[in-house]
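Report on the structure given below.
Excluded from the calculations below are hydrogen atoms, water molecules and symmetry mates; all remaining heavy atoms, backbone and side chain alike, are included. In the text below, chain A, chain B and the rest are named by the order of the sequence lines, each starting its count at 1.
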2 protein chains.
Amino acid sequence: MQKLTLKKIAQELDVSISTVSKALRDSHEISKDTREKINAFAKLYNYKPNNIALSLKNRKTKTLGVIIPEIVHHFFTTVISGIEKVANERGYNVIIGLSNESFTKEVINMEMLANGSIDGFILSVSRETQFLKDYHHLTETIYQGMPIVMFDRALPEVECDKVVVDDVEGARKAVLNLISHGCQNIAIITTKDYVSVGMLRTNGYLQALQESNISMNEKIILKLDDKVNEVEHMNLLEKEIKNLLVKNPEIDGIFAVNEIYALSAMKEAQKLGKNIPKDIKVIGFTDGILSKYASPGLTTVSQHGKQIGEKAAHLLIDRLENEHIDTPFQTVVIETELIERESTF
Amino acid sequence: MQKLTLKKIAQELDVSISTVSKALRDSHEISKDTREKINAFAKLYNYKPNNIALSLKNRKTKTLGVIIPEIVHHFFTTVISGIEKVANERGYNVIIGLSNESFTKEVINMEMLANGSIDGFILSVSRETQFLKDYHHLTETIYQGMPIVMFDRALPEVECDKVVVDDVEGARKAVLNLISHGCQNIAIITTKDYVSVGMLRTNGYLQALQESNISMNEKIILKLDDKVNEVEHMNLLEKEIKNLLVKNPEIDGIFAVNEIYALSAMKEAQKLGKNIPKDIKVIGFTDGILSKYASPGLTTVSQHGKQIGEKAAHLLIDRLENEHIDTPFQTVVIETELIERESTF
DNA sequence: AGGAGTTACGCAAACGTTTTCGTGTTAATA
DNA sequence: TATTAACACGAAAACGTTTGCGTAACTCCT
């Protein structure tokens, strides 16, 4: 019934705890007889060493802490599946904390985990953290010797390993694609600039326009506030987009920095009687489920979330297992890929 | 730099470890002077007790293990967000293991966690486990004194707390809704019967037909094999559905047991020139993101995943924190809700 | 037979806590 | 002044491991 321990085995077999431990680790210090007896007993009653005790002894938990802003989000979910895959392959567990885009929750979550529960962090900072620009919890964690790998929303101010996508380039390629399909009045639906990836993608958009000699038109650049993402303001998003489309009927292409924006744009455009892709072509960012099952299927810039997670986990575990060597911090860029579906041709 | 421990504080302040421990817990055994001195020092250098040591001492980790078949799945993701919410509120962490619908991975994952890493499990069994009907890993875990709460895919054979939705009733309501909208030839797209929730939903479908005096038509009952869910067989799903629709042009309503099936059905129907909802009305199961953003919006049976997660976490923690009392096992049924969108009217 | 070497095991410390109990010092009481 | 009570603190055990070291009992050699 109760979990078997070395002590209980020792009592049962009338030997010392150390003998049991050594026997189970097949030490030559122990006679073949005793070794076999102990091993048989342990196997019979399915002895498994206690992880907590091992963690305490080794000062390693073999557990990675993952902090993400939201789990109900396909991108983060694919990243986690990548992390979990390599973590498992390399003998680690994954413990997950959600910040819900809140700075305070991010800090609390990290503090809960940093006191021995995990060996290192993989994280994507919350929107609020980016907004407040308060990174002391990150720098302090690193200072205390706990490695961090940041992904997606990486902060240049924090020195650590990072795995990012080339947001600028991904956006640029997307917009160039729209242009190559003949779009001349390409709107962008993006976030306010303090969201790092939003800004980067906006930059890519601007770059593409510039190198194609299309002058930018401020009226068709829609920078949305955070609150449109909250459930209570669901239709705010739709209103803003509708407004954009109605006031600027010349729009023939839309680049949206995420799936939701892109889908909403398609839906609003369709409501206004526009045909996609004939009248308006749309490209989104993040190859989630939504894009695949939208009608028409949405052309998107895939970020390869699973790859990001895998790489992040490898970076972290590599660093954990080579603590003596101090490798310089790396920033790995995962290539984006344009996945073309019916929304553009 | 290195983490502060009681021992280091003790050395620094020239008192014993026990004194430090007691002072930090504001024991009256320690003089006010010493207490204040120690507390000030601890605060200054931001002392936090080591979780692992506490876990070992208390034989409690304050961590819940969650095992799910897939994380890239909106339903499970909402459940996790519910679990995480109440876990955090009640001072617990959440460690996640993915079975990828594999029996072996489920077993390995549970074994990794069961040896001290967590206090209890919340899990939804893998498809393969249901198929093999091998539950020894579950019963053994329970036998060893570690509580389990099963959700969604619950097994009658295993005695533990459960949180489920009333799949039969949810499906029945959905199909009745179709009928009330005038559908007479309602197809169902479901899974093979060994998937428990698939079968239950199929039963609900049959019930609704029967009580409406509509005779069932085997030709429009499509039971899909697992492999259609795998990426390699992506278009297999579509082919099967197309086949169904072409061979049975009288179909005027479709009930699908999950979002993907429903979306694919809509897409195929549309390709065949059918208008949704005019020619064919569609209802899915699981209120995920897909349903909301589909065009037309998909009417679905919402399972309230977040509530499921919250309830499961409460059940588990309640049991953990009342170990002396032995409460009988409960099966909590979360009500489903029909969310009507454009695919039905 | 006496010394050296081998074999097979146990003791104890360590990881970082909490907590019970023991004890030396001081203050209060008879 | 001698006894007791209160106070303030430390020693040690416990949670379950691993591991360096000590040592009793043999075996072997000369």
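The ring pair (Phe, Tyr, Trp, His ring centres under 6.0 Å) check on A/His304 picks up nothing, with sequence neighbours excluded. Legend: residues meeting side-chain hydrogen bond (donor to acceptor under 3.5 Å, both in side chains) with A/Ser124, ordered by chain and number and at least two apart, are absent.
For D/dT17, the base has no donor-acceptor partner in the side chain of A/Lys7 [N/O atoms by modelled type, under 3.5 angstrom]. At a cut-off of 3.5 angstrom, the base of C/dC11 holds at least one donor-acceptor pair with the side chain of A/Ser18. For C/dG16, its base never sits under 3.5 Å from the side chain of B/Lys3 at any donor and acceptor pair.
The CG atom of A/Asp152 sits 11.5 Å away from atom CD1 of A/Ile334, with the distance rounded to the nearest 0.5 Å. Rounding to the nearest 0.5 Å places CD of A/Glu70 at 8.5 Å from CZ of A/Phe76.
Using a 4.0 Å cut-off on heavy atoms, the residues of residues 49-61 of chain B that approach DNA chain C are B/Pro49, B/Asn50, B/Ala53, B/Leu54, B/Lys57, listed by number.
Note on A/Ser21: a base of the nucleic acid sits closer than 4.0 angstrom, heavy atoms only. Within the nucleic acid shown, B/Thr5 comes within 4.0 Å of sugar-phosphate atoms alone, with no base atom in reach, counting heavy atoms only. Backbone-only contact: B/Thr34 has heavy atoms under 4.0 Å from sugar-phosphate atoms and none from a base.
Candidate nucleotides C/dT20, D/dT18, C/dT17 were compared by shortest atom distance to the side chain of B/Ile17, and C/dT17 ranks first. Of all nucleotides listed (C/dT17, D/dT18, C/dT20), D/dT18 comes nearest to the side chain of A/Arg25. Residue A/Thr19 has its side chain nearest to C/dC9 when only C/dC9, D/dC9, D/dT18 are considered.
For the pair A/Lys37 NZ and C/dC9 C1', the computed distance is 12 Å after rounding to whole Å. The interatomic distance linking A/Glu29 (CD) with D/dT19 (C1') rounds to 8 Å, in whole Å. Going from atom CG of B/Leu24 over to atom C1' of C/dT19 covers 15 Å, rounded to whole Å. What separates CD1 of B/Ile30 from C1' of C/dT25 is a distance of 15 Å, to the nearest Å. Residue A/Asp14 contributes atom CG, which lies 13 Å from atom C1' of C/dC9 at whole-angstrom precision. A/Asn115 has its CG atom 18 Å from the P atom of C/dC15, to the nearest Å. Taking atom CG of residue A/Leu13 and atom P of nucleotide C/dC9, one finds them 11 Å apart after rounding to whole Å. Atom NZ of A/Lys22 and atom P of C/dA8 are 13 Å apart (whole Å).
Within the structure, a side-chain polar atom (N or O) of B/Tyr47 is placed less than 4.0 Å from OP1 or OP2 of C/dT17. Contact annotation: B/Ser16 side-chain N/O to D/dA11 OP1/OP2 distance is not under 4.0 Å.
Classified by interplanar angle (parallel below 30°, tilted 30° to 60°, perpendicular above 60°), the ring pair B/Phe75/B/Phe151 is tilted.
Counting all heavy atoms, side chain and backbone alike, B/Pro147 lies closest to B/Leu320 at CG-CD2, 3.5 Å. Taking each heavy atom of B/Val94 and B/Ala87 in turn, the nearest pair found is CG2-CB, 3.7 Å.
Side chains of A/Thr34 and A/Ser31: a donor-acceptor N/O pair is present below 3.5 angstrom, by distance only.
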